[in-house]
Novice: 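This is the structure I want to talk about, given as structure tokens.
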Amino acid sequence: MTVLVTGGAGYIGSHTVRSLGESGREVVVLDSLETGHSEALLGADLVVGEIADFDLVTKLCRERNVRSIVHFAAYKSVGESMSHPLRYFSNNVGGSTALIDAAVAAGVEQFVFSSSAAVYGSPARVPVTEDLLPRPESVYAETKWMVERVLSWIGETRGLRSVCLRYFNAAGASFDSAIGEDWSVTTNLVPIVMKATLGKRPPLEVFGSDYPTRDGTGERDYIHVVDLAEGHVKALDYLDVGKPSLTCNLGTGKGSTVLEVLSATERISGCGVPHVFSARRAGDPAVVFADPSLAERELGWRARYGIEEILQTAWTWHSTHVDGY
Ligand code: UDP
């Protein structure tokens with residue numbers, strides 16, 4: 001039995017491919033390489049193609065005896081999703097429904113979906129539990145929520161069992177620095193802090209210093225990419241024993257502020273982080289962190305690492321791969 005990983009050449013995908021291999025599973029990756037990097041696969045089996053290609057996916061699933069799919073392939077920029085909404089609906093929702101259609105046709109039984117805490121929007125309370133009704137505040141978040149709904153209905157009508165994993169703020173790199181984060185464009189805090197420290201981009205803009213938090217800057221739940229990868233292995237273990245569909249958070253349950261990220265990076269790197277304070281970014285909530293207890297209860301998963309390991313591995317990766325792979 002093989003696991004098909006879509007988007008396996010991407011950031012979280014490649015760490016997951018590695019963890020799945022270490023768990024003894026046979027893996028095949030389907031990636032268009034539009035944003036992924038073949039180097040990130042460390043030799044894993046790659047088919048270059050589109051998730052929306054029904055014939056390709058059904059053939060691949062049948063030939064390789066695919067029982068489970070882990071689906072990462074998607075666009076992920078909140079800002080771009082607002083300027084090019086149909087690009088996001090088409091790729092993230094249309095692509096996923098075509099993939100799910102092919103999966104069902106080929107007899108795939110299990111599906112793990114890369115969702116996001118963005119589905120909660122500005123949460124009404126923290127820690128965020130899964131029973132909070134999703135209220136997407138961007139097209140990107142809406143596409144994640146729509147695919148969750150598609151999976152719920154296909155579970156009901158076609159028996160495809162799924163686990164939707166709502167990631168909080170993924171960050172960090174592998175501990176041996178073999179793989180890490182390599183975007184041509186990013187708006188996420190940790191890679192921006194690293195690149196600003198290395199002089200590879202202008203100073204970090206700290207968006208808002210008047211939030212009701214301990215130091216006035218935004219607080220988020222940063223989760224190590226290796227912990228996230230292990231969450232996917234646990235999700236497959238869960239589905240492998242026949243358990244029912246599940247949606248759960250993957251976070252640490254602990255928040256760090258922008259200034260805490262900044263000062264820990266200065267300590268770890270031994271360099272100053274060039275930064276300026278600026279206005280709040282539209283749509284940014286003050287505080288978001290997970291209640292991760294459902295994942296612990298149902299999947300037997302909990303984050304092993306904290307902000308220290310995240311920034312240490314991110315710094316080692318970025319300072320040894322200043323131009324990416
Ligand atoms: N942030 C910032 N400057 C940046 C990028 C992010 O101050 O250049 C802040 C942002 O306001 C938020 C936190 O860092 O409080 C995490 O932002 P990110 O975009 O990484 O993730 P989000 O939680 O918004 O999805």
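In listed order, ligands and their atoms are each counted from 1. As the structure is a computational prediction, the values presented were derived from the model and not from experiment.
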Novice: Starting from atom 23 (O) of ligand 1, locate the nearest protein heavy atom and write down its residue, its atom name and how far away it is, to 0.1 Å.
Specialist: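 Scanning the protein heavy atoms, the shortest distance from atom 23 (O) of ligand 1 goes to R220 NE, 2.7 Å.
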Novice: If the test is ring-ring contact (aromatic ring centres under 6.0 Å, His included), which one of Y238, F72, F113, F111 qualifies with H232?
Specialist: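 That would be F72; it is the only one of Y238, F72, F113, F111 passing the ring-ring contact (aromatic ring centres under 6.0 Å, His included) with H232.
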Novice: Here's a test for you: under side chain to side chain contact (heavy atoms under 4.5 Å, CB included), which of D240, V66, N65 qualifies with M1?
Specialist: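 Testing M1 for a side chain to side chain contact (heavy atoms under 4.5 Å, CB included) against D240, V66, N65 leaves exactly one candidate, N65.
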Novice: Would you check whether F207 has a nitrogen or oxygen atom less than 3.5 angstrom from a nitrogen or oxygen atom of ligand 1?
Specialist: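 Yes, there is a polar N/O contact under 3.5 Å.
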Novice: Please identify which atoms of ligand 1 are closer than 4.0 Å to at least one heavy atom of T187.
Specialist: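 Those of ligand 1 that fall under 4.0 Å from T187 are 5 (C), 19 (O).
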Novice: Are the side chains of T247 and S115 in touch, meaning some heavy atoms are under 4.5 Å apart?
Specialist: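 Result no, sub-4.5 Å side-chain heavy-atom pair not found.
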Novice: Taking 4.0 Å as the limit for heavy-atom contacts, which would you say applies to I192 with ligand 1: side chain only, backbone only, both, or neither?
Specialist: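 I192 to ligand 1: side-chain contact only, backbone stays beyond 4.0 Å.
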Novice: At a non-hydrogen distance cut-off of under 4.0 Å, which region of Y167 contacts ligand 1 (side chain, backbone, both, or neither)?
Specialist: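 For Y167, no heavy atom sits under 4.0 Å from ligand 1.
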Novice: Is it the case that one hydrophobic cluster holds both Y167 and V112, taking links as side-chain heavy atoms less than 4.5 Å apart, direct or via other members?
Specialist: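 Linked, Y167 and V112 end up in one cluster.
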Novice: Do L151 and V104 sit in one hydrophobic cluster, given that two such residues count as connected whenever their side-chain heavy atoms are within less than 4.5 Å of each other, even indirectly?
Specialist: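 Yes, L151 connects to V104 through the hydrophobic network.
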Novice: Determine whether the side chain, the backbone, both or neither of R281 has a heavy atom under 4.0 Å from any heavy atom of ligand 1.
Specialist: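 Within the 4.0 Å criterion, R281 contacts ligand 1 through side-chain atoms alone.
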Novice: Is N188 touching ligand 1 with its side chain, its backbone, both, or neither, if touching means heavy atoms under 4.0 Å apart?
Specialist: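 It is both backbone and side chain that touch ligand 1.
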Novice: Just let me know how N169 lines up against ligand 1, side chain, backbone, both or neither, with a heavy-atom cut-off below 4.0 Å.
Specialist: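 Side chain only.
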